Amino acid sequence: MVENAKNIKDTGFENILLVGQTGAGKTTLIRSLPGKVFAYLFDPNAKRSLAGADIDFEEWLPDTAELDVTIKKFNRDAKPSDKPSSAREPKVYIEWCEDLAEKAKEGFFKKYDWVCFDSMTFLQRACFDRQMYINNRFGAVEELADYRVVGSKMSDLFRSITSEGINILCTGHITEWQDELTKKITTQLSLAGSAKTMIPLMFTQIWQCHANSEDKKISYKIQTRPESRGLQCIRSSISGLETFEDVTIKDFSKAQDAGIAKILQR
């Protein structure tokens, strides 16, 4: 049946991806989401940014014994290490995936207006740990094949998450690299393999966060469209937004009147 876009009243759910450098205010903006919020926290610093907010959360961090901190050899004649790379199997990623599937099956997320994932960067790191472990290379340097597998898994994971029928907000980081031949500097999402291009396609809003504080003036902004240089996958489906929008939360007790809530009310 042919329909007309003028009659669209409900545009569906929001899938928001906040990206930026460390300290750009990404996690703090979760406080400004309207309604009831649940957050999966993979970043060990996330609790400090959300402390005092009315937000339900679960923290998923690796046990100390799961981390490999031994220095690896590169040369053939290097001395062998006489200690194991890890005393315990890294299970954060696989156990979290099981938890996510179980919650979705039970309808756990239906009581929330927003479900957040902070951040993709640390979740991807947990995926790398698992990938390396099951291939008996945990603690070794990642190879191209590892980036391909992890990128594919992250893409599949967020394709499932963004299809759940709930408002989603994720945070992530960006990296810059310079081509040795052309000297051109490129800004990309800190994602592996195909996830760099696939994951942005799943989000209705991709905003880059910027900290613009000067001396005693606290200021945070989001960038809603790309410029000639910098990250090119930034986009917004909300009409009328400026390229840079102020999202500073001046009073945490009234956070839902500022930040992202203010933008979504446009």
Side-chain angles (χ1 to χ4, degrees), residues 4-35 37 39 49 112-121 123 154-155 157-176 186-191 194-213 218-250 254-266:
N4 192 289
K6 290 182 179 180
N7 300 322
I8 296 177
K9 303 299 182 182
D10 184 4
T11 55
F13 296 94
E14 289 285 4
N15 296 322
I16 299 177
L17 175 58
L18 299 178
V19 298
Q21 301 288 359
T22 300
K26 300 181 296 296
T27 304
T28 300
L29 281 175
I30 294 175
R31 306 174 73 110
S32 69
L33 290 173
V37 179
S49 297
Y112 293 99
D113 298 294
W114 290 87
V115 177
C116 304
F117 302 82
D118 186 64
S119 67
M120 276 188 185
T121 310
L123 175 57
M154 291 292 289
S155 296
L157 174 64
F158 278 95
R159 186 171 62 173
S160 174
I161 289 172
T162 54
S163 300
E164 187 61 26
I166 50 179
N167 292 312
I168 298 292
L169 183 139
C170 301
T171 66
H173 293 80
I174 57 176
T175 57
E176 294 182 348
T186 302
T187 304
Q188 294 183 328
L189 299 177
S190 295
L191 293 170
S194 62
K196 279 189 177 71
T197 54
M198 288 299 297
I199 286 183
L201 300 178
M202 305 170 196
F203 287 83
T204 55
Q205 324 290 339
I206 303 175
W207 297 331
Q208 184 173 347
C209 297
H210 298 272
N212 293 322
S213 301
I218 299 175
S219 177
Y220 292 89
K221 293 183 179 181
I222 58 167
Q223 184 177 342
T224 64
R225 59 177 66 94
E227 297 181 305
S228 58
R229 295 183 179 181
L231 188 65
Q232 295 301 299
C233 66
I234 301 171
R235 73 159 177 259
S236 179
S237 62
I238 301 175
S239 61
L241 295 182
E242 300 292 335
T243 300
F244 291 92
E245 290 280 349
D246 185 83
V247 289
T248 308
I249 303 174
K250 297 180 179 180
K254 299 179 181 178
Q256 293 187 343
D257 294 328
I260 293 177
K262 184 178 66 174
I263 300 297
L264 295 177
Q265 291 169 3
R266 299 289 181 91

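Numbers for residues simply follow the sequence, beginning at 1. Because the structure is a prediction, the values reported are computed rather than measured.
Residues forming a side-chain hydrogen bond (donor to acceptor under 3.5 Å, both in side chains) with S32 (at least two apart in sequence, or on another chain): none. By the ring pair (Phe, Tyr, Trp, His ring centres under 6.0 Å) test, Y220 is found to be paired with no residue, residues two or more places apart in sequence or in another chain being considered. In this structure R159 satisfies the side-chain contact (heavy atoms from CB on, under 4.5 Å) test together with D156, M202, sequence neighbours excluded. Listed by chain and number, the residues in a side-chain contact (heavy atoms from CB on, under 4.5 Å) with S160 amount to none (sequence neighbours excluded). Every side-chain contact (heavy atoms from CB on, under 4.5 Å) that T27 has, sequence neighbours left out, goes to I30, A46, S49, L50, D118. For E14, the side-chain hydrogen bond (donor to acceptor under 3.5 Å, both in side chains) partners two or more places apart in sequence, or in a different chain, are T204, Q205. The side-chain hydrogen bond (donor to acceptor under 3.5 Å, both in side chains) search around T248 returns D246, not counting sequence neighbours. Residues forming a side-chain contact (heavy atoms from CB on, under 4.5 Å) with E164 (at least two apart in sequence, or on another chain): A104, I166. For F244, the ring pair (Phe, Tyr, Trp, His ring centres under 6.0 Å) partners at least two apart in sequence or on another chain are H210. The side-chain hydrogen bond (donor to acceptor under 3.5 Å, both in side chains) test applied to Q188 returns W177, not counting sequence neighbours.
Shortest non-hydrogen contact noted between R31 and A255 is O-CB, 3.5 Å. Nearest approach of L29 to G259, heavy atoms of both residues: CD2-CA, 4.0 Å. The minimum heavy-atom distance between A195 and S155, with the atom names listed, is CA-OG, 3.3 Å.
Within the 4.5 Å cutoff, the side chain of T22 has heavy atoms near those of the H173 side chain. Between D113 and P34, every side-chain heavy-atom pair lies at or beyond the 4.5 Å cut-off. With contacts defined as side-chain heavy-atom distances shorter than 4.5 Å, the pair L241/I222 does not qualify. When side chains are defined from C-beta on, L189 does not count as touching I206, because their heavy atoms never get closer than 4.5 Å. Within the 4.5 Å cutoff, no side-chain heavy atoms of L33 are placed close to those of N167.
How far NZ of K196 is from CE of M198: 14.5 Å, rounded to the nearest 0.5 Å. The distance from atom CD1 of I174 to atom CD of Q21, rounded to the nearest 0.5 Å, is 4.5 Å. Note: N15 CG to L169 CG = 9.5 Å, rounded to the nearest 0.5 Å. The distance from the CD1 atom of I199 to the OG atom of S194 is 8.0 Å, given to the nearest 0.5 Å. With rounding to the nearest 0.5 angstrom, the CD atom of Q223 is 3.5 Å from the CD1 atom of I234. The structure places CD of Q208 at 13.5 Å from NZ of K221, a figure rounded to the nearest 0.5 Å.
When L17, L157, I161 are each tested for a side-chain contact (heavy atoms from CB on, under 4.5 Å) with F117, only one passes: I161.
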### Task
Apply side chain to side chain contact (heavy atoms under 4.5 Å, CB included) to W207 and I16, showing your working.
CA-CA 8 Å; W207 297 331; I16 299 177; 4.1 Å; yes
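Ring geometry for F158 versus F203: interplanar angle of 30 to 60°, hence tilted.
Listed for the Q256 side chain is a donor-acceptor partner under 3.5 Å among the backbone atoms of G35. Listed for the E245 side chain is a donor-acceptor partner under 3.5 Å among the backbone atoms of E242.
Residue L201 qualifies as enclosed at atom CG: its count of foreign heavy atoms under 6.0 Å is above 12.
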